Structure formats: structure tokens, C-alpha cells
Amino acid sequence: MKDISISEDVIYIGVDDKTIDLFESQYVVPNGISYNSYLIKDEKNVVLDTVDRRATEEWIKNLDNNLDGKEVDYLIVSHMEPDHAYNIGLLCNKYPNMKVVGNDKTFNFIKQFFDIEDLDSRKVVVKEGDILNFGKHSLQFFMAPMVHWPEVMVSYEIKEKILFPADGFGKFGTLDTKEDWTCEARRYYFNIVGKYGIQVQALLKKLLGLEIKMICPLHGPILKENLGYYINKYDIWSSYKPEDDGVFVACSSIHGNTLEVAKEMVKILEEKGAKKVAFADLTRDDFAEAIEDAFRYDKLILAASSYNGNVFPPMEHFLNHLKSKNYQKRKIGIIENGTWAPSAGKAMKNIIDGMKEIDLCDNMVTIKSRMNEDSKKEMEKLADEILNK
């Protein structure tokens with residue numbers, strides 16, 4: 001087990017999963033994922049969350065090695081998603097006197113996942129602001145419904161001022177991965193939590209009154225320094241404000257002609273002084289990263305082929321996914337391509353119409369099969385409009 005320093009009494013017992021290729025069976029995780037779990041050693045020993053089935057054996061070893069032959073007295077269930085809750089039943093069987101701490105919704109879900117005969121006699125139901133004392137250490141609980149399941153709650157250790165925010169402030173990658181926190185935390189946030197910005201904002205308001213010295217999420221590194229930076233990122237992301245001034249060009253091309261147009265658009269934008277231009281081929285590049293970049297920048301250009309009187313499915317999927325994540329407060333430009341009846345532009349507009357506070361550029365570019373000098377002039381006009389030139 002790696003040595004993850006939290007404090008003398010608060011111990012990391014989680015596991016790095018370096019063999020997983022798709023988190024939640026959909027998100028590419030080239031650097032794996034961590035399933036974080038914690039042990040508070042006190043007059044009463046407290047475990048905060050279990051781990052995924054993929055990590056059960058190593059997690060139990062970590063727990064046993066730190067208990068010094070003692071038993072677990074309390075299990076705190078922050079979140080019932082199986083990557084954190086899979087081993088609740090196992091722990092209940094292993095420690096028959098252990099109490100299980102959650103809220104009303106937590107226990108409704110536990111009964112759906114597990115058959116624990118004596119659960120009613122073992123459960124400790126907590127509500128907003130309740131405090132449980134375990135000796136020197138106490139946990140205060142704050143409900144965080146729909147961040148990003150309805151039963152989610154966060155815990156605050158009062159003595160050492162440690163926040164346990166469930167999936168909040170999590171990121172992809174194992175704990176020993178050497179990479180910048182922001183990129184993979186952003187990709188994690190917008191793809192997993194992003195739909196629930198209003199609920200995240202409500203949680204952040206609750207946390208404003210707490211003195212926080214450390215953040216211990218259920219995925220990703222323990223955050224110990226410059227906590228204002230991480231909290232500010234969550235404030236920006238959950239309020240749907242653009243993080244950076246730039247243009248994200250997202251392309252969905254069948255035979256390559258629309259791809260050439262999109263790459264030319266990138267070049268035009270750079271020549272016209274765009275501060276940052278990011279690009280994704282939606283047919284090949286990581287979809288979750290494309291979602292991340294769409295939220296990161298304040299401007300988006302969509303370039304797509306027409307298909308069956310509609311738009312090429314990778315773009316349709318991308319836009320519908322953005323819509324489901326409450327994409328808003330952005331400026332969008334459209335480039336469509338079609339040979340006999342261009343339809344991509346109208347199809348994209350129909351999806352965009354359901355988004356909030358979108359400034360749609362007037363200059364929609366229509367390509368007939370392949371780019372030519374006339375279409376380049378139209379692309380120049382779109383670039384000027386989206387850059388406010």
C-alpha cells in the first residue's frame with residue numbers, strides 16, 4: 001500500500017486501479033482511477049466509504065493492516081454508486097456490531113443493492129448539520145442531493161478540519177499519476193457531475209462557513225494546499241461560466257472533406273488572433289475530452305456533414321450530450337457540408353435551440369461537397385463574427 005499522509009488518526013486505505021480501461025464503462029482512463037476510502041482511528045473506528053468490486057481484496061488488506069486487530073465501529077456511506085459502495089454488505093458481515101451511517105435515501109438504496117437482515121437495528125440516520133462524535137474526532141454531515149446522486153452527503157471532520165466531499169473535487173487517474181489536476185478534474189466534473197451545476201452551487205454555499213484545511217475526495221489526490229484554487233474552479237464550472245477565452249472547433253466528418261474545412265477554420269481563427277483554438281475530431285478523439293473543452297472555452301464552432309436529411313451522428317450525439325449537461329452561456333458558430341441537400345446546419349440549430357443563453361452566429365457557412373475560395377471567404381466572415389471583429 002502506498003503511504004498517503006493525511007494525519008496521525010486519519011488514514012488512507014483506498015486503492016489505485018491501473019488495469020481499468022473505461023471508467024463507468026464509458027470514460028477512457030489512460031492513467032487508471034483511484035477508489036478512495038478512509039479510516040479514522042479513535043475510541044470508535046470509523047470507515048468512510050468502501051471501494052469498487054475490482055479493488056476489494058487490496059482494500060480489505062489495507063483496512064486490516066491499519067486496524068491493529070480492532071473492529072470497525074461505524075461505516076459512513078457518502079455515496080451509493082457501486083464504485084464506492086460495493087463492499088457495504090461484506091463489511092457488515094465482517095463486523096456484525098458495526099453501525100452504518102447514512103441519510104434516509106441512503107438506506108433506501110442499500111436495501112436495493114444488499115440483503116442485510118439486521119440493517120434496521122444497525123442504521124444511524126443523519127440529517128443536515130447532524131454531528132457524530134467518535135472520541136477526539138467528530139463528523140458533521142451536509143446533504144448534497146444530486147451531486148450527483150440523490151442520496152449524496154459530505155462529511156466534515158471538525159477537529160482536523162478535513163472535508164470528505166464524496167465525488168466532489170475528484171479526478172481521473174491514480175494517486176501516483178504525475179499530471180496536472182485541472183485537466184482531468186475538469187473532464188471528470190463535466191462528464192459525471194456537470195448536469196447538476198445548481199446543486200453544486202448550493203453545496204458550495206454550505207461549505208463557505210467551514211474552515212477547510214484538507215479535501216479528501218472519493219477519486220483522485222488528497223488536496224492539501226491552495227484549496228481556494230480548487231474551490232474557485234468548482235464555482236466556475238458549476239455556474240457554467242466559461243473558464244478561458246478561446247474557440248473550440250468540433251468536427252464530425254464522413255469522408256474527410258469536412259475535416260479539411262474544420263482544420264482550415266482553426267488556421268483562420270489563429271491568423272485572426274484568437275487567444276486559444278482547440279480542436280477535436282468527434283469521430284476519433286476522446287469524446288469526454290471534447291465535452292470538457294466545449295465547457296472550458298467561451299466560443300464553439302461546429303463543423304459537420306449532412307447525413308440522412310439530418311446531421312452526421314457523432315455530432316448529433318455530441319450536441320445532445322452537451323444539452324443533457326446543461327450547456328449554456330456560450331457563443332456558437334455553425335459550418336455544414338452537404339452535396340445535394342445540406343441538412344446539418346438546421347439539425348444542429350434544432351438541438352442548440354434547447355440550450356440556455358446561447359449566442360448563435362448569423363454567418364452560417366454552407367459547404368457544397370468540398371471547400372473552395374468562396375467558402376473560405378464565408379469562413380472568414382464567421383471567424384470575424386465569433387471573435388467580435
Side-chain angles (χ1 to χ4, degrees), residues 27-28 30-31 168-173 179-198 200-201 204 220-221 223 225-252 262-282 285-303 315 318-319 321-335 348 352 355-361 379 382-389:
Y27 302 114
V28 176
N31 294 316
F169 300 97
K171 68 176 283 291
F172 296 124
E179 64 184 0
D180 176 65
W181 178 88
T182 308
C183 183
E184 285 295 75
R186 185 192 298 111
R187 187 166 75 100
Y188 177 93
Y189 174 85
F190 281 114
N191 284 279
I192 294 176
V193 187
K195 177 179 181 178
Y196 303 107
I198 292 173
V200 174
Q201 282 283 304
L204 290 175
L223 306 176
E225 299 175 352
N226 198 18
L227 299 187
Y229 172 84
Y230 305 109
I231 294 171
N232 182 58
K233 286 296 183 186
Y234 257 63
D235 183 43
I236 293 171
W237 297 343
S238 60
S239 59
Y240 300 104
K241 293 180 289 189
E243 188 176 351
D244 291 313
D245 180 359
V247 188
F248 176 47
V249 179
C251 170
S252 177
K263 289 183 176 179
E264 180 66 21
M265 193 71 212
V266 169
K267 180 180 176 183
I268 291 171
L269 290 164
E270 290 174 341
E271 289 174 348
K272 287 183 175 291
K275 290 186 178 179
K276 171 70 177 178
V277 184
F279 172 81
D281 177 353
L282 297 177
D285 294 332
D286 178 50
F287 184 77
E289 189 168 337
I291 295 295
E292 170 202 347
D293 279 341
F295 277 99
R296 178 176 181 177
Y297 299 107
D298 61 339
K299 295 175 279 291
L300 171 65
I301 289 182
L302 307 167
M315 178 62 76
F318 174 67
L319 286 174
H321 202 70
L322 282 181
K323 184 177 178 181
S324 75
K325 300 295 182 182
N326 279 332
Y327 189 71
Q328 57 187 269
K329 301 177 183 176
R330 300 299 192 279
K331 191 169 187 177
I332 298 179
I334 290 177
I335 302 173
M348 289 188 279
I352 292 168
M355 300 176 183
K356 301 175 184 176
E357 297 184 56
I358 296 297
D359 181 7
L360 189 61
C361 291
M379 292 160 64
L382 175 58
D384 285 338
E385 182 179 0
I386 203 162
L387 295 175
N388 295 316
K389 288 186 178 294

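We number each residue from 1, following the sequence as shown. Please read these numbers as outputs of a predicted model, since none were measured by experiment.
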Student: Could you check whether the rings of Phe172 and Tyr188 sit parallel, tilted or perpendicular, using 30° and 60° as the cut-offs?
Tutor: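 Rings of Phe172 and Tyr188: perpendicular, as their planes differ by over 60°.
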Student: Between Asp245 and Lys276, is there a side-chain N and carboxylate O pair less than 4.0 Å apart?
Tutor: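 Salt bridge: no.
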Student: Closer than 3.5 angstrom, by distance alone: can the side chain of Asp285 be matched with the main-chain N or O of Ala280 as a donor-acceptor pair?
Tutor: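 The answer is no, because no donor-acceptor pair under 3.5 Å joins these two groups.
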Student: Indicate yes or no: at least one non-hydrogen side-chain atom of Leu360 is less than 4.5 angstrom from one of Ile334.
Tutor: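 The answer is yes; the side chains approach within 4.5 Å.
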Student: Go through the steps for Leu387 and Lys299 under the test side chain to side chain contact (heavy atoms under 4.5 Å, CB included), then give the verdict.
Tutor: CA-CA 8 Å; Leu387 295 175; Lys299 295 175 279 291; 4.0 Å; yes
Student: Measuring only between side-chain heavy atoms, which start at C-beta, is Asp286 closer than 4.5 Å to Arg187?
Tutor: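 Side chain of Asp286 against side chain of Arg187, heavy atoms only: contact under 4.5 Å found.
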Student: Specify the closest pair of heavy atoms between Asp293 and Ala278, including all atoms of both residues, with the distance to one decimal.
Tutor: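 In this case the closest contact between Asp293 and Ala278 is OD2-CB, 4.3 Å.
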Student: Within the distance-only criterion (no hydrogens, no angle test), does the side chain of Tyr240 pair as donor or acceptor with the backbone N or O of Gly194 below 3.5 angstrom?
Tutor: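 Between the backbone of Gly194 and the side chain of Tyr240 there is a qualifying donor-acceptor contact (under 3.5 Å).
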Student: Indicate whether the side chain of Lys331 and that of Asn388 have a donor and an acceptor atom separated by less than 3.5 Å.
Tutor: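 Result is yes, a qualifying pair exists.
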Student: If I take atom CG from residue Asp359 and atom CZ from residue Arg330, how far apart are they, to the nearest 0.5 angstrom?
Tutor: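 Interatomic distance, Asp359 CG to Arg330 CZ, rounded to 0.5 Å: 12.5 Å.
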Student: Which heavy atom in Asn191 sits nearest to a heavy atom in Ala288, and how many Å separate them?
Tutor: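 Heavy atoms only, the tightest pair is ND2-O, 2.9 Å.
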Student: Ignoring hydrogens and angles, tell me if any N or O in the side chain of Asn232 forms a donor-acceptor pair with the backbone of Gly228 under 3.5 Å.
Tutor: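 Answer holds: no.
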Student: Regarding Glu179 and Lys171, does a basic nitrogen lie under 4.0 Å from an acidic carboxylate oxygen?
Tutor: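 A salt bridge is present here (some side-chain N lies under 4.0 Å from a carboxylate O).
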Student: Examine distances only and state if a side-chain atom of Tyr327 and a backbone atom of Lys356 form a donor-acceptor pair shorter than 3.5 Å.
Tutor: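 Side chain of Tyr327 to backbone of Lys356: no pair is present.
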Student: Could you check whether any side-chain N or O of Lys195 sits under 3.5 Å from a backbone N or O of Phe190, counting only pairs where one atom can act as donor and the other as acceptor?
Tutor: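 Side chain of Lys195 to backbone of Phe190, a donor-acceptor pair under 3.5 Å: no, none is there.
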Student: Specify the closest pair of heavy atoms between Met348 and Ile335, including all atoms of both residues, with the distance to one decimal.
Tutor: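 Of all heavy-atom pairs spanning Met348 and Ile335, the closest is CE-O, 3.7 Å.
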Student: Within the 4.5 Å heavy-atom criterion, are Phe295 and Pro242 side-chain neighbours or not?
Tutor: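 With C-beta onward as the side chain, the pair stays apart.
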Student: Within the side chain of Asp298, is there an N or O that forms a donor-acceptor pair under 3.5 Å with the backbone of Gly246?
Tutor: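 Side chain of Asp298 to backbone of Gly246, a donor-acceptor pair under 3.5 Å: yes, one is there.
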Student: Using 0.5 Å steps for rounding, measure from the CG atom of Leu282 to the OG atom of Ser252.
Tutor: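 Leu282 CG to Ser252 OG: 6.0 Å, rounded to 0.5 Å.
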Student: Within the structure provided, determine whether Val266 and Ile301 are in side-chain contact (heavy-atom separation under 4.5 Å).
Tutor: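 SC-SC contact between Val266 and Ile301 ruled out.
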Student: Would a distance-only check, ignoring hydrogens and angles, find a side-chain to backbone donor-acceptor pair under 3.5 Å from Tyr234 to Phe169?
Tutor: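 Yes, because the side chain of Tyr234 sits within donor-acceptor range (under 3.5 Å) of the backbone of Phe169.
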Student: Under the side chain to side chain contact (heavy atoms under 4.5 Å, CB included) rule, what do Cys361 and Ile332 come out as? Steps first, then yes or no, please.
Tutor: CA-CA 6 Å; Cys361 291; Ile332 298 179; over 6 Å; no
Student: Side chains of Leu300 and Leu322, heavy atoms from C-beta outward: is any pair under 4.5 Å?
Tutor: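 The answer is yes, as the side chains (C-beta and beyond) meet within the 4.5 Å cut-off.
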Student: Begin with the C-alpha distance, continue with both residues' side-chain angles, and end with the deciding distance and a verdict on side chain to side chain contact (heavy atoms under 4.5 Å, CB included) for Ser238 and Tyr189.
Tutor: CA-CA 9 Å; Ser238 60; Tyr189 174 85; 3.3 Å; yes
Student: Determine the interplanar angle of the Phe318 and Phe248 rings, folded into 0 to 90°, and report it as parallel if under 30°, tilted if 30 to 60°, perpendicular if over 60°.
Tutor: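 Perpendicular.
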Student: Do Thr182 and Tyr229 come within less than 4.5 Å of each other through their side chains, counting heavy atoms only?
Tutor: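 SC-SC contact between Thr182 and Tyr229 confirmed.
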Student: Leu319 vs His321, test: side chain to side chain contact (heavy atoms under 4.5 Å, CB included). Steps then yes/no.
Tutor: CA-CA 5 Å; Leu319 286 174; His321 202 70; over 6 Å; no
Student: Let me see the working for Lys233 and Glu243 under salt bridge (Lys or Arg N to Asp or Glu O under 4.0 Å), right down to the final yes or no.
Tutor: CA-CA 8 Å; Lys233 286 296 183 186; Glu243 188 176 351; 2.6 Å; yes
Student: What I'd like to find out is whether the side chain of Asp235 reaches to under 4.5 Å of the side chain of Gln201, using heavy atoms alone.
Tutor: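 Heavy-atom side-chain distance check passes, below 4.5 Å.
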Student: So, Glu292 side chain and Ala290 main chain: donor-acceptor pair closer than 3.5 Å or not?
Tutor: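 Between the backbone of Ala290 and the side chain of Glu292 there is no qualifying donor-acceptor contact (under 3.5 Å).
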Student: Compare all side-chain heavy atoms of Arg186 with those of Arg296 and state whether any distance is below 4.5 angstrom.
Tutor: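 Yes, at least one pair of side-chain atoms sits under 4.5 Å.
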Student: Please say whether more than 12 non-hydrogen atoms of neighbouring residues, nucleotides or ligands are located less than 6.0 Å from NZ in Lys329.
Tutor: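 Atom NZ in Lys329 is crowded, with more than 12 foreign heavy atoms closer than 6.0 Å.
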Student: Evaluate whether atom CD of Glu225 has more than 12 neighbouring non-hydrogen atoms of other residues, nucleotides or ligands under 6.0 angstrom away.
Tutor: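 No - once you tally the heavy atoms of other residues, nucleotides and ligands closer than 6.0 Å, there are 12 at most.
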